[in-house]
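Numbers for residues simply follow the sequence, beginning at 1. These numbers come from the heavy atoms of this one structure, side chains and all, not from hydrogens, waters or symmetry mates.
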Amino acid sequence: MNEKVLTGKKHGMLVMLLCIIVELAAIAGIIWGAIQAETNGSFILFIISLVVLCIAWIPLLGLRILKPQEALVLTLFGKYIGTIKGDGFFHVNPFCASVNPAADTELNQSGDVKKVSPSPINIATGMATSTPANKKISLKIMTLNNNKQKINDCLGNPVEIGIAVTWRIVDTAKAVFNVDNYKEFLSLQCDTALRNIVRIYPYDVAPNVDTTGDGLADEGSLRGSSEIVAARIRDEIQERVNTAGIEIIEARITYLAYAPEIAAVMLQRQQASAIIDARKMIVDGAVGMVEMALNRLNENDTVVLDEERKAAMVSNLLVVLCGNRDAQPVVNSGSLY
């Protein structure tokens, strides 16, 4: 079902004024008819004015006021007749009904979908103490900040991840009639799409992992390729909610961490990897400095060293350069042998 926008309905003020004038005229007619009935016994004007007074208020039921970025989906005896959009004072068929199945559903910023509690009843008056659910549909850009989910990445490690999705309704007819509740539908599809995409990627860069589907290992990861992952999540959600007339503007990862049960172990693993990388860099630099020192000594013939003395010098230099603490020099006053 496609959206049909109703135009030419922005004359609510004119209809309201006409109804008020007709009602006042009917009251005047009733009074004048009663006077005539007493003088000549004719009740025609009185009866006609009374009937007009009883039915002239019915067009007032068709008055609708909309704010900017709001819409009303209208049905007439169960049939969809169109949608009115834009701000203004509108008049439609007074027998039309506004439809919004998600009117009593709230999408909290925490991502929870909940029903609005029914209006409490005042015992004294027997009436609801608050207004009923609003049937207007918001066309503004809204945010769904889904709760954190625990999902296994492509290596089987449990990670916790949360996303924020900005969305808006672009087709009110699809949103109202194609799905039962478009807010609940959107929240469910966000959770499903997030789970489908996260399981493709490792948390961190891992060897021999293909995240693009081209058959070649790459460096894609949830932590290092957040922009790419977010774009894929957005496309996945958009494909799923097209039938509901919803446009996904953006999807962003708001929270990403290992699950608590493996977070400590993974932290130790990251620390060990960082220490190994640092040690490797230190050793590479130390070996280069030792080579440079030996080459300089040989070029200038400053000291002539045999192989055994070179080995001892290399050992001492590596200990000094690779040690965690400052070197404590030992002065040798005799021969090496």
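- The line from CD1 of Ile141 to CD of Gln69 is 8.5 Å long, rounded to the nearest 0.5 Å.
- Residues passing the side-chain contact (heavy atoms from CB on, under 4.5 Å) test with Arg64, sequence neighbours excluded: Leu72, Ile84, Phe90, Val92, Ser98.
- Considering only residues two or more places apart in sequence or on other chains, Arg232 meets the salt bridge (charged side-chain N to carboxylate O under 4.0 Å, His left out) condition with none of them.
- Here the shortest heavy-atom pairing between Ala175 and Tyr182 reads O-CD2, 3.5 Å.
- With contacts defined as side-chain heavy-atom distances shorter than 4.5 Å, the pair Thr211/Pro202 qualifies.
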Inset, instruction - Report the C-alpha separation of Ser226 and Val229 in whole Å, then their side-chain angles, then the decisive distance to 0.1 Å, and conclude whether the side-chain contact (heavy atoms from CB on, under 4.5 Å) test is met. - result: CA-CA 5 Å; Ser226 58; Val229 175; 5.6 Å; no

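- Here the side chain of His91 pairs no donor or acceptor atom with the backbone of Leu61 at under 3.5 angstrom.
- Listed by chain and number, the residues in a side-chain hydrogen bond (donor to acceptor under 3.5 Å, both in side chains) with Asn178 amount to none (sequence neighbours excluded).
- Cluster partners of Met292: none. The rule joins Ile, Leu, Val, Met, Phe, Trp and Tyr whenever side-chain heavy atoms lie under 4.5 Å apart, and it links nothing here.
- Asp284 CG: more than 12 foreign heavy atoms inside a 6.0 Å radius.
- With hydrogens and angles ignored, the 3.5 Å screen pairs no side-chain donor or acceptor of Thr166 with any backbone N or O of Met142.
- Within the model, atoms CG of Leu194 and CD1 of Ile233 stand 5.0 Å from one another, a figure rounded to the nearest 0.5 Å.
- Looking at heavy atoms from C-beta onward, Cys96 lies out of side-chain contact with Thr75 at the 4.5 angstrom threshold.
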Legend entry - side-chain contact (heavy atoms from CB on, under 4.5 Å) between Ile249 and Trp167, intermediate numbers included: CA-CA 5 Å; Ile249 299 173; Trp167 61 282; 5.9 Å; no

In a table with atom names and distances, give each donor-acceptor pair under 3.5 Å that connects a side chain of residues 8-25 to protein atoms at least two apart or in another chain.
| from | atom 1 | to | atom 2 | distance (Å) |
| --- | --- | --- | --- | --- |
| Lys10 | NZ | Asp87 | O | 2.8 |
| His11 | ND1 | Gly8 | O | 3.2 |
| Glu23 | OE2 | Trp57 | N | 3.1 |

Inset, instruction - For Arg195 and Glu236, run side-chain contact (heavy atoms from CB on, under 4.5 Å): C-alpha distance rounded to whole Å, both residues' side-chain angles, the deciding distance at 0.1 Å, then the answer. - result: CA-CA 11 Å; Arg195 190 171 296 275; Glu236 180 82 7; over 6 Å; no

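- For Glu219, the side-chain contact (heavy atoms from CB on, under 4.5 Å) partners are Val205, not counting sequence neighbours.
- Rounded to the nearest 0.5 Å, atoms CD1 (Ile237) and CG (Asp235) are 9.5 Å apart.
- Membership of an apolar cluster is not assigned to Leu216, as no side-chain contact below 4.5 Å to another ILVMFWY residue is traced.
- Between the CD1 atom in Ile161 and the CG atom in Leu256 there is a gap of 5.0 Å [rounded to 0.5 Å].
- The hydrophobic cluster analysis finds Val5 isolated: no Ile, Leu, Val, Met, Phe, Trp or Tyr side chain comes under 4.5 Å of it, directly or through other members.
- Note on Leu74: it clusters hydrophobically with Phe77, by side-chain heavy-atom contacts below 4.5 Å among ILVMFWY residues.
- Among residues two or more places apart in sequence or in another chain, the ring pair (Phe, Tyr, Trp, His ring centres under 6.0 Å) test is passed with Phe177 by Tyr80.
- The cluster map of Ile, Leu, Val, Met, Phe, Trp and Tyr, joined by side-chain heavy atoms under 4.5 Å apart, puts Leu50 and Val52 in different clusters.
- Counting heavy-atom neighbours within 6.0 Å of Ile228 CD1, excluding the residue itself, gives a total of 12 or less.
- Listed for the Asp153 side chain is a donor-acceptor partner under 3.5 Å among the backbone atoms of Tyr203.
- Taking Ile, Leu, Val, Met, Phe, Trp and Tyr as hydrophobic and joining them when side-chain heavy atoms fall under 4.5 Å apart, one finds Tyr255 isolated, its cluster having no other members.
- With contacts defined as side-chain heavy-atom distances shorter than 4.5 Å, the pair Gln189/Gln238 does not qualify.
- Residues Leu53 and Ile30 meet the side-chain proximity criterion, which asks for heavy atoms closer than 4.5 Å.
- Taking hydrophobic clusters as Ile, Leu, Val, Met, Phe, Trp and Tyr residues chained together by side-chain heavy-atom distances below 4.5 Å, Val209 does not share a cluster with Tyr258.
- Residues Cys190 and Val165 come closest through the heavy atom pair SG-CG2, 3.9 Å.
- Of the possible polar contacts, none joining the Glu160 side chain to the Ile151 backbone as a donor-acceptor pair under 3.5 Å is found.
- The salt bridge (charged side-chain N to carboxylate O under 4.0 Å, His left out) check on Lys150 picks up Glu261, with sequence neighbours excluded.
- Smallest separation of non-hydrogen atoms from Leu6 and Gly82: CG-CA, 3.8 Å.
- Partners of Phe46 under the ring pair (Phe, Tyr, Trp, His ring centres under 6.0 Å) rule, at least two apart in sequence or in another chain, do not exist in this structure.
- For the atom pair NZ (Lys174) and OG1 (Thr243), the distance works out to 7.0 Å, reported to the nearest 0.5 Å.
- Listed for the Ser221 side chain is a donor-acceptor partner under 3.5 Å among the backbone atoms of Gly224.
- Between Leu45 and Gly29, the closest heavy-atom pair is CG-O, 3.8 Å.
- No hydrogens or angles considered: a donor-acceptor pair under 3.5 Å links the side chains of Thr172 and Thr83.
- With contacts defined as side-chain heavy-atom distances shorter than 4.5 Å, the pair Met289/Glu291 does not qualify.
- Shortest non-hydrogen contact noted between Ile58 and Pro94 is O-CB, 3.4 Å.
- Distance alone, capped at 3.5 Å, is enough to place a donor-acceptor pair between the Glu70 side chain and the Lys67 backbone.
- Atom CZ of Arg199 sits about 12.5 Å away from atom CG of Leu222, to the nearest 0.5 Å.
- One hydrophobic cluster holds both Ile27 and Ile35 under the rule that ILVMFWY side chains link at heavy-atom gaps under 4.5 Å.
- The two residues Ala102 and Asn181 make their nearest non-hydrogen contact at CB-OD1, 3.3 Å.
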Inset, instruction - Please test Glu184 against Leu188 for side-chain contact (heavy atoms from CB on, under 4.5 Å), starting from the C-alpha separation and ending with a verdict. - result: CA-CA 6 Å; Glu184 294 179 351; Leu188 178 61; over 6 Å; no

Inset, instruction - For Arg234 and Glu239, run salt bridge (charged side-chain N to carboxylate O under 4.0 Å, His left out): C-alpha distance rounded to whole Å, both residues' side-chain angles, the deciding distance at 0.1 Å, then the answer. - result: CA-CA 9 Å; Arg234 179 208 168 278; Glu239 183 179 354; over 6 Å; no

